[in-house]
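Note that this is a predicted model, so its numbers are computed, not measured. Order of listing sets the numbers, starting from 1, for every ligand and every atom in it.
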Amino acid sequence: MVELGVNIDHVATVRQARRGVEPDPVWAAVEALLGGADGITFHLREDRRHMQDRDIERLKEVVPGPLNFELAAVDSIVDFACAIKPAMAMLVPERREEVTTEGGLDVAGQKTRMREVVAKFAASGIRASAFIDAEARQIDAARECGFEVCEIHTGPYAHAFNRLHDETLPEVARELERVAEAGRLIQSAGMQFNAGHGLNYRNVGPIAALPGVSELHIGHSIVSRAIFDGMREAVREMKRLIEQASRAIDPQHSPQRDEGHKGNTKK
Ligand code: PXP
């Protein structure tokens, strides 16, 4: 079954608007797990605009589920991640002026640095994931650098879907096919295929139905829904949609889907 990592940064963003103590992202993480999340994702940015170091220490102390630590390849944050020992470290690009992560990491353009950071994570027993655009050269570079996981940036698909609301329209189908093709390349290179960014209750289905997709990381839409429905219910509904979509092509875990998971080292 496709797993859901809930990104809780957006809860910390609301708290930081007042620089107070509420809403607490650690509480949100526990609620998300109670709603059926398979893991918790967060991004410690260099400018500390949402998550704070102490939040992450508390997550590690309190949260009884896998943590996916998103970060830029900056020494101080890499060292902090190694000390925290999350299940997975996901390298992303970071620019101070951006509202959110805007594009995939250029692994191909900085292989020496990427190899260094992946080796540091490996020495701490942490699996490394690269957040990349759906491009063959980035997937090849990720494999060469020793990443075990690639998360494909679904933003272009999500934007096309949100504009047109129909995955069969050529523009949306083209973006979906780019993610699907990237997923095939990732799996044939022996890496785990994850996806995320911009996914919501309307556009998640076609991505959750892609053969071999392992984990989806979703934040903004779940936290937005949680304002009205509560975190547990918001997560429960997203899990329901993901399970429905993955079952639609795979009623009984067909060999095709299991084949897709062959390269995984996850379990
Ligand atoms: N994956 C990555 C690499 C991200 O940077 C983000 C946003 O922090 C997400 C997934 C989740 O994106 P969204 O908040 O749009 O669901």
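- Remark: ligand 1 atoms within the under-4.0 Å shell around heavy atoms of Glu151 are 1 (N), 2 (C), 3 (C), 10 (C).
- The ligand atoms of ligand 1 that sit less than 4.0 angstrom from a heavy atom of His220 are 13 (P), 14 (O), 16 (O).
- Within a 6.0 Å radius of CZ in Arg54, other residues, nucleotides and ligands contribute more than 12 heavy atoms.
- Residues in residues 66-95 take part in these ring-ring contact (aromatic ring centres under 6.0 Å, His included) pairs, two or more places apart or across chains: Phe42-Phe69.
- Residues Ile84 and Lys60 approach most closely at O-CE, 3.1 Å, considering heavy atoms.
- Considering backbone and side-chain atoms together, His217 places no N or O closer than 3.5 Å to any N or O of ligand 1.
- Checking only distances, Ser221 never comes within under 3.5 Å of ligand 1, N or O to N or O.
- Seen from the ring of Tyr201, Arg225 counts as a face-on cation partner, given the 6.0 Å and 45° thresholds.
- The shortest N or O to N or O distance between Gly219 and ligand 1 is below 3.5 Å.
- Annotation for ligand 1: atoms under 4.0 Å from non-hydrogen atoms of Met90 are 3 (C).
- Per-residue contacts place Val92 under 4.0 angstrom from the following atoms of ligand 1 (heavy atoms of the residue considered): 3 (C).
- In this structure, His153 does not count as a contact residue of ligand 1, since none of its heavy atoms falls inside 4.0 Å of the ligand.
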Inset, instruction - Determine, stepwise, if the pair Asp38 / Lys239 fulfils side chain to side chain contact (heavy atoms under 4.5 Å, CB included). - result: CA-CA 9 Å; Asp38 300 290; Lys239 278 286 289 188; 2.8 Å; yes
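- Side-chain contact of Arg127 with Gln192: a donor-acceptor pair under 3.5 Å is present, judged by distance alone.
- Within the 4.0 Å heavy-atom criterion, neither part of His43 lies near ligand 1.
- Considering backbone and side-chain atoms together, Gly198 places an N or O closer than 3.5 Å to an N or O of ligand 1.
- With hydrogens and angles disregarded, no donor-acceptor distance shorter than 3.5 Å links the side chain of Asp24 to the backbone of Val11.
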